[in-house]
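Shown next, in structure tokens, is the structure this report addresses.
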Amino acid sequence: MNPNKRSAVIAGNWKMNLTRPQAKALIEEIKPLVAGAACGVVLCVPYTDLETALSAAAGSNIKIGAQNCHWEESGAFTGEISPAMLTELGAEYVILGHSERRQYFGDTDETVNKRLLAALEAGLKVILCVGETLSQREEGKTREVLSRQATAALAGVTASQLSNIIVAYEPIWAIGTGKTATAAQAGEGNAVVRATVAALYGGEAAEALTIQYGGSMKASNAAELLAQPDVDGGLIGGASLKAADFAAIVQAASR
Ligand code: PGA
């Protein structure tokens, strides 16, 4: 992280976990632990937890987000949620392009781009995920994949809209596997994303962009990952479900 150039953001990705009472209890536990944080704190929760999470986090420094949204404002899209539905609730963030959405639910570079444009248009801040599979890494295609995913997702995004985007580099082989990228690998991936954004929007815009690392980030490795100059925070899955673990990562990013 380079604190002279940008601020860190630690975001929890709860995935498909926690009922409303559990969500409320966890946020009540996290709140005092992160109250003095010198970084942004976001929790991206299941749709059904949004209202509960928003009221539990009200008046605190915790921002609330969703984990996906559709690109249309309304219509015959059974099971989908629109950006306007999220903003009406008061959600501020949405994760888009997570590898689990790409892998299990058919998200493509094209649909991620459509969701992202619609989310920005509705006033949401987007956490855009990019990342390579293990075989892509082994074939030496990491740069190409990250650059392609970021470029495709950002198609049609204006320079001023870029300030409402955080990119999360999440190597797929490190997600939920306990297999964290080394600090150097995380730093390299994030640097590829920044270079891609620099090519599209110029160096200044790229330097201002918050780029997180995600993939088995936890209390014990957060400080080392965050010490990389291009790692400006984290997108935290498993470790965001335990108050002490999540708070420790927030503390690491606040130093
Ligand atoms: P993990 O998940 O921290 O459990 O690896 C990260 C993510 O998928 O965003």
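Atoms within each ligand, like the ligands themselves, are counted from 1 in listed order.
- One finds no salt bridge joining Asp109 and Lys114 here, because no Lys/Arg side-chain nitrogen approaches an Asp/Glu carboxylate oxygen to under 4.0 Å.
- Around ligand 1 you find Asn13, Lys15, His98, Glu170, Ala174, Ile175, Gly176, Gly215, Ser216, Leu235, Ile236, Gly237, Gly238, each with a heavy-atom distance below 4.0 Å.
- Checking Trp14 against Gln67 by side-chain atom types alone, no donor-acceptor pair falls below 3.5 Å.
- Screening Arg115, Arg102, Arg101 against Asp107 for a side-chain hydrogen bond (donor to acceptor under 3.5 Å, both in side chains) leaves a single residue, Arg115.
- At a threshold of 4.0 Å, the pair Glu144-Arg148 does not count as salt-bridged, since none of the basic side-chain nitrogens sits closer than that to a carboxylate oxygen.
- Side-chain atoms of Asn221 come within 3.5 Å of backbone atoms of Lys218 as a donor-acceptor pair (strictly under, hydrogens ignored).
- Closest of all the heavy-atom pairs between Arg6 and Leu209 is CD-O, 3.2 Å.
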